[in-house]
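Beneath this line is the structure, given in structure tokens, with notes to follow.
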Amino acid sequence: MPAPLSIDLNCDLGEGGAEDSALMELVSSVNIACGGHAGDQGTMRRTMELAQWHGVAAGAHPGYADRPNFGRRELNLAPEAVRALVRDQVLALREFGPLKHVKPHGALYNRAARDAGTAEAVAAGVRDVDCELILVGLAGSLLPEAGRAAGMNVAEEAFADRTYGPDGRLLPRNDQGAVILDEQWAVDQALAIARDGRIPGGPAVRADTLCVHGDTPGALKMTRRLVRELQAAGIRIRALEPT
């Protein structure tokens, strides 16, 4: 008998949202803002405590130090600056509890998906802290590739609430329709990725983890429904494991 399907369900939290605690009850992993695009010592401590209380795997969510743009504007940093940014933010969060993974945020995540120098710098920054941490990156992109080349544990990620182009890349956030606000669409997309390994009407995608953004309007209601639909489809939600 084949093994049952399973997937990690992650959410970006500690960014000042009002529903962190409720979302934490639904997901298996959280990515905690660690002082760059959002967050401070107080939010890092509280979010880490919530994760530990709920038994959720905690990860660092480093981003460009650009709070006015929430880390979603690309900055042209040299690789060594990216490496230091990632290392320092991961270390800052680790002061408040053990970490299982690291997932870059926003514009840094997207640049690392397509730019080899940035991808290698992110991977190096994570390795500087702990080579056993799982590096999370966009499925099929350069970031997981850089992590594997560095001998790291890697997880490939897909999104419930973001729109993909025909090439399997995420549409830029400033494009109309780049964020999926329709609950049915988001749930159908997530199920197709988890069950069939495919974006509906689009290319194949292999994902170890699915993301729902805590700041997407209606995120809590959509995540509750997604959890029900995954369970009804016989797909187990479980935290990432080293590979």
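Positions are given from 1, in the same order as the sequence printed here. Owing to the predicted nature of the structure, the values given are computational and were not obtained by experimental measurement.
Classified by interplanar angle (parallel below 30°, tilted 30° to 60°, perpendicular above 60°), the ring pair H105/F70 is perpendicular.
Under the 3.5 Å distance criterion, the side-chain polar atoms of D175 are left unmatched by any main-chain donor or acceptor of A178. Between the R195 side chain and the A190 main chain, no donor and acceptor come within less than 3.5 Å of each other. A donor-acceptor contact shorter than 3.5 Å is absent between the side chain of T47 and the backbone of M44. Judged by distance alone, with hydrogens and angles left aside, the side-chain atoms of T163 form a donor-acceptor pair with the main-chain N or O of G177 at under 3.5 Å.
With hydrophobic clusters built from ILVMFWY side chains whose heavy atoms lie under 4.5 angstrom apart, I237 shares a cluster with L226. Under the 4.5 Å side-chain contact rule for hydrophobic residues, L171 and I180 do not share a cluster. No continuous path of hydrophobic side-chain contacts links L210 to W185 [ILVMFWY only; heavy atoms under 4.5 Å].
Expressed to the nearest 0.5 Å, how far CD of Q41 lies from CG of L93 amounts to 11.0 Å.
For the residue pair E15 and H37, a side-chain donor N or O sits within less than 3.5 Å of a side-chain acceptor on the partner. The closest side-chain donor-acceptor pair between R111 and N76 falls under 3.5 angstrom. At a cut-off of 3.5 Å, with distance as the only test, a side-chain donor of Q184 or R225 sits close to an acceptor on the other residue. Using modelled atom types and a 3.5 Å distance limit, the side chains of Y109 and E157 yield a donor-acceptor pair.
Heavy-atom minimum distance, R162 versus L170: CB-CD2, 3.7 Å. Taking all atoms of both residues into account, the shortest heavy-atom contact from G214 to L13 is CA-CD2, 4.4 Å. Shortest non-hydrogen contact noted between L26 and A22 is CG-O, 3.7 Å.
Identified under the side-chain hydrogen bond (donor to acceptor under 3.5 Å, both in side chains) test for residues 23-34, with sequence neighbours left out: D8-S28, D8-S29, N10-N31, D12-N31, N31-H101.
Every residue two or more places apart in sequence or in another chain that forms a side-chain contact (heavy atoms from CB on, under 4.5 Å) with L181 is listed here: V179, T216, P217. In this structure, the side-chain contact (heavy atoms from CB on, under 4.5 Å) partners of Q52, at least two apart in sequence or on a different chain, are M48, P98. Contacts of D215 classified as side-chain hydrogen bond (donor to acceptor under 3.5 Å, both in side chains), with partners at least two apart in sequence or in another chain: R72. Checked against side-chain contact (heavy atoms from CB on, under 4.5 Å), W53 has no partners two or more places apart in sequence or in another chain.
Atom CD of Q176 has 12 or fewer neighbouring heavy atoms from other residues, nucleotides or ligands inside a 6.0 Å radius.
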If you look only at distance, which donor and acceptor atoms sit under 3.5 Å apart when one is on a side chain in residues 129-151 and the other is two or more places apart or in another chain?
from, atom 1, to, atom 2, distance (Å)
D130, OD1, E132, N, 2.8
S141, OG, L138, O, 2.7
S141, OG, L143, N, 3.4
R148, NH1, E156, OE2, 3.4
R148, NH2, E156, OE2, 2.6

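Under a 4.0 Å N-O distance rule, the pair R169/D167 qualifies as a salt bridge.
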